[in-house]
Amino acid sequence: MPPESAASPNETSSFQWPASPVSFALLVAILAVLVRTYAPAGDPFEVYFRNYLRTQGEGRGHRIPARMYQLGQRAGAGIAGILDDPSASAAERVAAARLAGYTRDTSLEERLGKLAAPQEDPFVRIAALESLGRLGGHLARSVLDSALQDPDARIRSAALGAVQRGGDRGLAPVLERHAREGMPEEKLAAIEALGRLGGPPSRRALWNLYGSQPNLPEILAVKRALLALETPLSREVETLEPGAERYLPARQAFANTRLRRRLETKLRTLLTYWVEDRYQSEEESCDSDGTCQGRLRYYRDLVRRKTSLRLEPEAFFAVGPSENGKVPREPVLFVRTTWLIRNQVRFQSLSLVRMIGSDPAVFPVRELGFDTFAAPNGASTEEEHPKDFLGEVLRVRGNLSSHDLEVDVALPLREGLRVETYRFEGGVFVPAEKS
């Protein structure tokens, strides 16, 4: 009899090697993960930091910022040790200053504030500013405010980027000042930063810039930033400065599709009546002149065709006091209409629409019709306006109720954008004289 401790041939052992190569590879992978996770491999912070330094933030180094956040206090202590070490190289200080923002350790703020001082190396200062923006502590606002006025353009650019990443809405007045007084390229960055910050302070700053920026790039940047903001609350409109006498843009949301379609139907009807009135006036005054007969046929064809209507994405709310001292609640928006004949554009109109209650009132701002698309001599401005015949509404200034409203329209030409201004006078828009 064999001893009881010996295994019989029919019994299986407690461990068997995998029968297939795939199972064996899977087992090796599991063992490698266990060894990597639990085997002692030195200080994790040192491992991650040296890897980040070696790859210069590229390759596998892009995962290290997340590791710094996971390490918590150990990462903060390691970074503090490098920043306090006088023998640390410039590359080590830059890497430590940049990674400090990912630790969320606000105890590093004072060290970063000192590294952002003017006497430090510019690359160290830039890294410190980036981390201060991410940390967003009590020192960040004063340090970034000072950096935005630094004579070095690289420092100012880094401070603008830090403001965007940090999301400190208390810096909106600082950005507004920078958008007015900074260099041209920095003005655009400051306006973009305001749009990213969001909130009532940024909206107020952008509205102020919207009414005062003289240059076309800044106007377009402010418009883009405003349209990216959320729809303003009614209390925001009520708390605007009472002395402001202009219309300011705000996104007009049509959450209800039925209301939007109802509005489009009303506008299409009004604009069709407007073309019919032109046709009737031409019919009454037309004689045997060929040009007059051609114009008559032109408007008759327009009346018979369907209209393509497009609402512009921006609307405008009156923020100045009206004649009775109350802020009007009727928004003002712009409508672009296109008449198609045989799949060709034959008429375009850009109109201002004021909502009086639930009913729209249409005021044409700029239009292109017979003289552009159906001139007897075959002339056309298609070569002159290749992108958009009517251009783009840039800015609206003034007060509609007092008839001092002005609309700036940018027209795309071969040589660039040209701005035309139209003034609301006697219930209609007329070209404003250039000063």
Side-chain angles (χ1 to χ4, degrees), residues 133 136 141 144-145 148-149 156-157 159-253 312-321 327-329 331-334 352 392-400 405-410 417 419 421:
R141 185 176 300 181
L144 293 176
D145 188 358
L148 286 172
Q149 304 175 44
R156 296 195 300 269
S157 178
L160 285 171
V163 172
Q164 292 189 38
R165 283 186 292 271
D168 184 358
R169 294 181 175 180
L171 286 169
V174 178
L175 292 174
E176 180 184 356
R177 185 181 70 246
H178 201 67
R180 296 180 186 276
E181 303 172 359
M183 300 296 291
E185 62 276 7
E186 294 168 0
K187 289 182 178 180
L188 298 178
I191 293 170
E192 181 182 356
L194 283 169
R196 290 180 179 272
L197 284 181
S202 295
R203 185 189 301 280
R204 183 185 298 274
L206 287 170
W207 278 350
N208 293 336
L209 292 170
Y210 176 81
S212 61
Q213 286 294 333
N215 298 323
L216 185 58
E218 283 85 357
I219 297 174
L220 291 172
V222 171
K223 245 187 86 172
R224 286 193 298 269
L226 282 166
L227 293 178
L229 295 179
E230 63 278 5
T231 303
L233 302 176
S234 59
R235 62 174 178 270
E236 290 186 50
V237 180
E238 294 173 357
T239 57
L240 291 174
E241 297 179 5
E245 294 181 355
R246 60 179 181 270
Y247 281 83
L248 302 174
R251 190 169 181 175
Q252 174 67 25
E312 293 299 293
E314 68 267 21
F316 297 84
F317 287 90
V319 298
V327 177
R329 283 292 174 266
V332 175
L333 59 144
F334 289 90
L352 180 145
E392 179 183 1
V393 176
L394 288 177
R395 179 165 55 190
V396 178
R397 295 170 290 186
N399 195 314
L400 183 61
L405 191 70
E406 289 187 354
V407 179
D408 293 335
V409 180
L417 289 176
V419 179
T421 301

> Mind checking what makes side-chain hydrogen bond (donor to acceptor under 3.5 Å, both in side chains) contact with S157, not counting sequence neighbours?
Replying inline: none
>> Rounded to the nearest 0.5 Å, what separates atom NZ in K187 from atom CD in E218?
In response: 5.5 Å
>> Among residues at least two apart in sequence or on other chains, which ones pass side-chain hydrogen bond (donor to acceptor under 3.5 Å, both in side chains) with Q149?
In response: D145
> How far does CE of M183 sit from CG of L188, to the nearest 0.5 angstrom?
Replying inline: 12.0 Å
>> Does L175 form a side-chain contact (heavy atoms from CB on, under 4.5 Å) with V163? I'd like the steps, not just the answer.
In response: CA-CA 9 Å; L175 292 174; V163 172; 3.5 Å; yes
>> Run the salt bridge (charged side-chain N to carboxylate O under 4.0 Å, His left out) test against R196 and tell me which residues pass, sequence neighbours left out.
In response: E192
> Roughly how far, to the nearest 0.5 Å, is OG of S202 from CG of L197?
Replying inline: 4.5 Å
> Can you find a heavy atom in the side chain of V222 that is under 4.5 Å from one in the side chain of I219?
Replying inline: no
> Within a strict 4.5 Å, meaning less than it, do heavy atoms of the V407 and V393 side chains meet?
Replying inline: yes
> Does the side chain of L394 reach to within under 4.5 Å of the side chain of L216, using non-hydrogen atoms?
Replying inline: yes
> Say you draw a straight line from CG of N208 to CD of E176; how long is it, rounded to the nearest 0.5 Å?
Replying inline: 5.0 Å
>> How long is the straight-line distance from CG of L148 back to NE2 of H178, given to the nearest 0.5 Å?
In response: 5.5 Å
> Considering all heavy atoms of both residues, which atom of A172 and which atom of A205 are nearest to each other, and what is their separation?
Replying inline: O-CB, 4.3 Å
> Can you check whether L171 reaches L144 side chain to side chain, under 4.5 Å on heavy atoms?
Replying inline: yes
